[in-house]
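Here's the structure, in structure tokens; my notes come after.
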Amino acid sequence: MKQNISQILQANAPIDVEAEGWIATVRTSKNVTFLALGDGSCAAHLQIVIGENTIERTLLSQLGVGAAIRCTGTLVPSLAAGQRVELQAQRIDLIGAVDPDYPLQKKRHSFEFLRTIAHLRPRTRTFGAVFRVRHALQMAIHRFFDDRGFIQVHTPIITTADCEGAGQMFHVTTLDLDAPPRANGAVDYAQDFFKQKALLTVSGQLEAEVFALAFKNVYTFGPTFRAENSNTARHAAEFWMVEPEMAFCDLAGDMALAEAFMRRIISDVLTRCEADMDFFDQWIEKGLVQRLEKVVQANFAHMTYTEAISALQQSNESFAYPVSWGLDLQSEHERWLTEKHVGRPVFITDYPRGIKAFYMRLSDDERTVAAMDLLVPGVGEIIGGSQREERREQLQQQLHFFKLNPADYDWYLDLRRFGGVPHAGFGLGFERALMYITGMQNIRDVIPFARTPGHASF
RNA sequence: UCCUGUUUAGCUCAGUCGGUAGAGCGGGUGGCUGUUAACCACUAGGUCGGCGGUUCAAGUCCGUCAACAGGAGCCA
């Protein structure tokens with residue numbers, strides 16, 4: 001198998017090699033030309049040295065930034081500082097020429113401009129690092145669960161239940177939208193492909209619970225969809241979510257898993273993507289690596305929602321949003337708690353029933369539910385989870401409390417009749433975790449081809 | 001969706017008090033004994049986001065639409 005540039009850069013010089021890739025920069029002087037060649041396999045480029053009269057002058061003039069080439073020659077220790085080895089070219093083949101209007105230049109571009117050329121931006125250093133780390137983070141997540149005996153469940157992407165009553169969902173239909181069949185004045189979904197209204201999933205959690213009650217420890221990791229008209233740096237219409245679910249597990253066990261999970265995936269990426277993480281530390285967010293190392297080392301703090309509210313009320317900070325028991329915590333509150341009050345990651349637990357989802361387990365005080373959010377310095381909430389309501393009667397009460405139709409949840413209620421057990425889980429937005437780990441500030445820049453309101457190009 | 005801001009060369013930006021447009025990079029040409037986003041010289045490149053208004057005169061002031069960004073809400 002051919003060697004990629006990552007492997008070539010680690011080879012013992014001198015040795016004859018063949019390198020393939022795209023030209024990142026060109027520097028010429030009278031007797032020598034230098035190319036920086038990249039193939040996405042690592043953050044570093046391979047320096048190619050072209051001596052006088054090595055190749056045809058017409059070929060040399062075609063070696064512009066962006067061109068794809070194959071270079072054969074001898075890998076030798078570099079004569080200059082800046083790289084350990086370099087490739088002395090003996091032969092260069094132009095595999096893919098580049099037109100002079102190639103938009104990427106050897107200078108800084110704005111992320112806004114690069115979003116408009118999503119078909120070319122993966123070749124830049126920043127996006128090379130982003131998508132290598134995205135892959136590494138994904139693998140770290142799978143390894144974490146696999147090491148603990150978790151089974152991954154491929155929960156459905158097309159669903160017929162508005163699972164959590166959360167937000168707008170995308171419809172999936174084969175009906176003619178210009179003239180849909182009607183019955184009793186409404187669209188007649190009985191004539192649709194699934195013979196009922198179908199939607200794109202917003203969460204695999206409810207289906208994951210089914211598998212947790214058969215395989216004990218499971219997780220989902222797949223795409224989810226929200227049709228919300230949210231136009232922010234942290235929202236996308238299509239994103240990936242990680243949702244572990246554990247049977248015979250309470251909220252404390254849930255938090256213990258979440259803490260071990262965060263530590264492990266961060267340390268995995270730090271050790272496996274050292275060069276890319278150094279790149280982010282230098283160019284995207286100063287101090288990033290140190291911030292993450294502190295998260296890996298720190299014991300996460302714990303406090304209840306009620307304790308958090310009183311801490312906020314006694315803080316003498318002036319918040320834009322009011323603080324009072326029963327109101328949800330705003331971003332500014334979460335940031336203050338994790339950054340200033342405790343100065344490390346913190347779990348907030350036992351939220352008021354009314355501001356959390358119907359499936360969360362009602363506590364004995366009947367005012368709070370067994371919910372937890374993990375807040376981390378820099379971003380605020382990164383994980384949300386809960387112990388699920390395993391008692392059938394209480395779950396029915398919760399459905400009534402949230403004005404949901406029990407008939408839509410018959411199979412979910414059934415789980416509480418046939419060997420139901422205490423169980424718990426949490427959800428992690430994959431892209432938000434990636435933003436946290438890379439320091440990238442816009443979710444559109446950690447997704448290969450982002451889907452947001454008004455944008456589904458590429 | 002709301003608030004605020006931005007829109008000038010292929011890219012990143014400057015443009016003062018209203019008087020018909022500038023730089024760096026990139027492209028082209030030439031130079032340079034090994035460069036590190038190389039460097040030096042010359043050169044081409046513009047419907048100043050669209051439409052409308054004020055004015056003798058608009059990149060500049062006003063209105064409007066659009067795109068983009070930041071913040072908010074919603075959330076992951």
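At least one donor-acceptor pair closer than 3.5 Å links the side chain of His333(A) to the backbone N or O of Tyr321(A). Panel note: side chain Arg84(A), backbone Pro77(A); no donor-acceptor pair is recorded below 3.5 Å.
Going from the C1' atom of U33(B) to that of U16(B) covers 47 Å, rounded to whole Å. Comparing the C1' positions of G18(B) and U54(B) gives an interatomic distance of 12 Å, to the nearest angstrom.
Contact check, Tyr102(A) against G27(B): no side-chain N or O comes under 4.0 Å of OP1 or OP2. Contact check, Arg115(A) against A69(B): a side-chain N or O comes under 4.0 Å of OP1 or OP2. When the side-chain nitrogen and oxygen atoms of His109(A) are compared with OP1 and OP2 of G10(B), none of them lie within a distance under 4.0 Å.
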Protein heavy-atom contacts under 4.0 Å, written 5' to 3' over nucleotides 31-39 of chain B as B (base), S (sugar-phosphate only) or - (none), form the string -BSBBBBB-
Dot-bracket assigned to RNA chain B with the 3.5 Å Watson-Crick/G-U criterion, [ ] for crossing and | for other-strand pairs, is (((((((..((((.....[..)))).(((((.......))))).....(((((..]....))))))))))))....
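Put simply, the side chain of Ser230(A) and the base of C74(B) share a donor and an acceptor less than 3.5 Å apart. The base of C75(B) sits with one of its N or O atoms less than 3.5 Å from a complementary donor or acceptor on the side chain of His235(A).
C75(B) atom P lies 18 Å from atom CD1 of Ile383(A), rounded to whole Å. One interatomic measurement links the two molecules: CD of Glu228(A) to C1' of A72(B), which rounds to 15 Å at whole-angstrom precision. Nucleotide G26(B) holds its C1' atom 15 Å from the CG atom of Leu120(A), rounded to whole Å. Rounded to whole Å, atom P of G70(B) lies 6 Å from atom CD of Glu112(A). Rounded to whole Å, the distance from CZ on Phe319(A) to C1' on G71(B) is 18 Å. Rounded to a whole Å, the CD atom of Gln205(A) is 15 Å from the P atom of C75(B). Atom pair Glu332(A):CD and G71(B):C1' shows a separation of 12 Å (rounding to whole Å applied). Rounded to whole Å, the distance from CG on Asn231(A) to P on C2(B) is 12 Å.
In this structure, Phe221(A) has its ring center at least 6.0 angstrom away from the ring center of Phe145(A). Taking the six-membered ring for Trp and the full ring otherwise, the centers of Phe402(A) and Tyr359(A) sit at least 6.0 Å from each other.
Residue Phe225(A) is out of contact with every strand shown, counting any heavy-atom pair closer than 4.0 Å.
Position along RNA chain B of the nearest nucleotide to Glu431(A) versus Asn229(A) favours Asn229(A) as the more 5'-ward residue. Comparing Gly384(A) and Ala233(A) by the nucleotide of RNA chain B whose heavy atom lies nearest to each, the residue mapping closer to the 5' end is Ala233(A).
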Dump the intermediate steps for side-chain hydrogen bond (donor to acceptor under 3.5 Å, both in side chains) on Ser203(A) and Glu243(A), then the final yes or no. CA-CA 9 Å; Ser203(A) 166; Glu243(A) 297 174 289; 2.8 Å; yes
